[in-house]
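What follows is a short report on a single structure.
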Amino acid sequence: MSLIVQKYGGTSVGSTERILNVARRVLATQEEGHEVIAVVSAMAGVTDNLLGLARGVSSTPTKREMDVLLATGEQTTIALLAMAINGLGGKAISLTGAQAGIATDGDHTRARITTITPDEVHRLLDDGHIVIVAGFQGQTPDGRITTLGRGGTDLSAIAMASAVGADRCQILTDVDGVYTCDPRVVPNARKIDEISYDEMLEMASSGSKVMQSRSVEFAKKFGVIFDVCSSLNTNPGTVVMEEKSHMEAVVIRGVSLERNQAKVTVGNVPDQPGFAARVFRAIAEAGIIIDMIVQNTSEEGVTDISFTLNKDELARAKEVLVQSVGAFSSDSRVTSEEGVAKVSAVGIGMRSHSGVAADMFSALAAAGINIKMISTSEIKTAVIVDEKDVEAAARTVHDGFGLGDKDFLA
Ligand code: ADP
Ligand code: ASP
Ligand code: MG
């Protein structure tokens with residue numbers, strides 16, 4: 001008998017009909033002769049509603065209370081799914097993250113899993129149960145409820161699969177797998193059969209929200225092979241695994257887009273050792289995560305430093321910078337631009353192929369799309385464009401690399 005961990009995301013459990021669909025699917029998996037652990041998200045929209053409720057009562061809710069609130073979304077789903085399975089004649093039992101043995105650090109709203117002690121999970125499986133686990137949540141050693149960051153049920157499922165030594169881990173969602181770009185933006189995007197951890201990680205961390213990036217990091221670290229597939233059909237999905245030599249033959253595996261970015265420029269910075277460090281130390285101490293950084297060539301001893309970040313962090317970043325910049329040079333100034341977005345082309349084949357950046361920029365130029373910033377890594381080339389251009393840019397880059405072509409080796 002093999003042990004399967006299945007993760008069902010918010011849309012897949014978004015209504016009572018969908019929960020019944022999941023119940024039947026889980027039962028069918030058990031009837032095929034497997035033990036099943038189902039790790040589930042809050043019903044679609046519930047986490048956003050809870051966030052809205054919190055904003056309605058306070059502009060500064062503590063993160064501890066946010067976690068107590070947000071964890072209720074997943075707790076609703078586990079109970080409903082267990083009831084649905086039991087109602088169909090199965091034997092299921094629900095467990096919160098804490099009951100399932102998921103221990104985390106105390107970094108509320110973005111906690112890290114420290115250990116999983118799945119003794120209770122094993123005991124219930126041995127007793128013939130289907131075990132339903134609340135995703136996205138855990139508990140600190142001193143008993144505080146924590147959550148794992150948006151999309152965190154992916155991480156709960158992959159970490160649980162690793163802890164119980166599952167034979168298979170399936171991420172079931174509302175698309176048939178990982179596509180060459182978000183199929184809602186690029187209609188001719190194609191499903192990818194196999195993708196390496198590194199490519200999936202780059203795509204996830206540059207905006208492809210089909211997987212939470214931390215979950216992919218975890219899977220890579222612990223060698224958890226997982227499938228991404230649909231909860232609504234039985235089409236083969238995408239296998240995410242360690243890279244294989246043939247994978248490098250494909251130069252670009254996929255294109256990601258990330259909206260809601262902002263650009264900050266600190267102008268007139270003295271071109272001397274230590275100033276960049278002071279700018280980014282101030283940002284880091286405020287806990288703000290930044291993305292691309294560009295420093296211009298210096299003229300007459302001064303230079304400009306620009307960086308991008310999520311739009312939601314902009315106000316705080318400007319506040320922090322005005323204080324720190326003012327402290328080291330009265331002439332320095334901070335300016336910002338909203339309404340920008342990022343498009344990234346990702347592929348491990350980039351390591352051994354030249355000309356990717358040239359091809360990407362030429363495609364964007366031919367479409368009349370202006371590039372505002374550029375960054376590259378070994379397996380990614382990314383550009384910042386106007387947010388109004390982002391979908392056109394994604395389609396242009398996607399088509400420019402022939403990812404939608406029928407004979408493409410996805
Ligand atoms: P779940 O609720 O199951 O966790 P998500 O909404 O988090 O599902 O992720 C699935 C969504 O991710 C899809 O509906 C799709 O719009 C989006 N998406 C973004 N990039 C991709 C991609 N490259 N391949 C597939 N889906 C993608
Ligand atoms: N419910 C959480 C969210 O909406 C976690 C998840 O769905 O994975 O982010
Ligand atoms: Mg998700």
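Just so we're clear, the structure is a prediction, and the values are computed from it rather than from any experiment. All ligand and atom numbering here is 1-based and tracks the order in the structure.
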> Among all residues two or more places apart in sequence or in another chain, which pass the side-chain hydrogen bond (donor to acceptor under 3.5 Å, both in side chains) test with Asp126?
Replying inline: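 So Asp126 forms no side-chain hydrogen bond (donor to acceptor under 3.5 Å, both in side chains) with any residue.
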> Does Ser162 have any side-chain hydrogen bond (donor to acceptor under 3.5 Å, both in side chains) partners at least two apart in sequence or in another chain, and if so, which?
Replying inline: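 For Ser162, no residue satisfies side-chain hydrogen bond (donor to acceptor under 3.5 Å, both in side chains) once neighbours in sequence are set aside.
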> Could you give all pairs that pass the side-chain hydrogen bond (donor to acceptor under 3.5 Å, both in side chains) test and reach residues 72-85, with sequence neighbours left out?
Replying inline: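 side-chain hydrogen bond (donor to acceptor under 3.5 Å, both in side chains) check on residues 72-85 returns no pairs.
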>> Within the 3.5 Å criterion, strictly below it, is a donor on Thr146 or Thr104 matched to an acceptor on the partner's side chain?
In response: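 Yes - a donor-acceptor pair under 3.5 Å links their side chains.
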> Ser205 and Ser213: side-chain donor and acceptor closer than 3.5 Å?
Replying inline: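 Their side chains do not contain a donor-acceptor pair, so the 3.5 Å distance test is not met.
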>> Which residue and atom name correspond to the protein heavy atom nearest atom 7 (O) of ligand 2, and how close is it?
In response: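 The protein heavy atom lying closest is Ser41 OG, 3.1 Å.
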> For atom 9 (O) of ligand 2, which protein heavy atom lies nearest, and how many Å away is it?
Replying inline: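 The answer is Arg150 NE, 2.7 Å.
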> Which of the atoms of ligand 2 are close to Gly151, meaning less than 4.0 Å from one of its heavy atoms?
Replying inline: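 It comes down to these atoms of ligand 2: 3 (C), 5 (C), 6 (C), 8 (O), 9 (O).
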> Should we count CZ of Arg112 as having more than 12 external heavy atoms under 6.0 Å?
Replying inline: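 No - once you tally the heavy atoms of other residues, nucleotides and ligands closer than 6.0 Å, there are 12 at most.
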>> Within a 6.0 Å radius of atom CE on Met66, are there more than 12 heavy atoms belonging to other residues, nucleotides or ligands?
In response: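 Yes, the 6.0 Å shell around CE holds more than 12 heavy atoms from other groups.
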> Below 4.0 angstrom, N of the basic side chain to O of the carboxylate: do Asp174 and Arg184 qualify?
Replying inline: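 The answer is yes: the pair qualifies as a salt bridge.
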> If you measure from the Lys or Arg side-chain nitrogens to the Asp or Glu carboxylate oxygens, is any gap between Arg259 and Glu391 under 4.0 Å?
Replying inline: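 Salt bridge: yes.
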> Counting heavy atoms only, which part of Glu74 comes closer than 4.0 Å to ligand 2: side chain, backbone, both or neither?
Replying inline: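 Looking at Glu74 and ligand 2, just side chain atoms fall under 4.0 Å.
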> What part of Thr153, side chain, backbone, both or neither, has a heavy atom within less than 4.0 angstrom of ligand 2?
Replying inline: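 Both the backbone and the side chain of Thr153 come within reach of ligand 2.
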> Does Gly73 reach ligand 2, in the sense of a heavy atom lying below 4.0 Å from it?
Replying inline: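 No, that is not the case, since the closest heavy atom of the residue is not under 4.0 Å from the ligand.
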>> When you measure from the heavy atoms of Gly10 to every atom of ligand 2, does any distance fall below 4.0 Å?
In response: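 Contact absent.
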Pick out the protein N or O atoms lying less than 3.5 Å from any N or O of ligand 1, and list each pair with its distance.
from	atom 1	to	atom 2	distance (Å)
ligand 1	2 (O)	Gly10	N	3.0
ligand 1	3 (O)	Thr173	OG1	2.7
ligand 1	4 (O)	Lys7	NZ	3.0
ligand 1	6 (O)	Lys209	NZ	3.2
ligand 1	7 (O)	Lys209	O	3.4
ligand 1	8 (O)	Thr173	OG1	3.2
ligand 1	14 (O)	Asp174	OD1	2.8
ligand 1	14 (O)	Asp174	OD2	3.4
ligand 1	14 (O)	Arg184	NE	3.1
ligand 1	14 (O)	Arg184	NH2	2.5
ligand 1	16 (O)	Asp182	OD1	2.9
ligand 1	16 (O)	Asp182	OD2	3.4
ligand 1	16 (O)	Arg184	NE	2.7
ligand 1	23 (N)	Tyr179	O	3.0
ligand 1	24 (N)	Tyr179	N	2.9

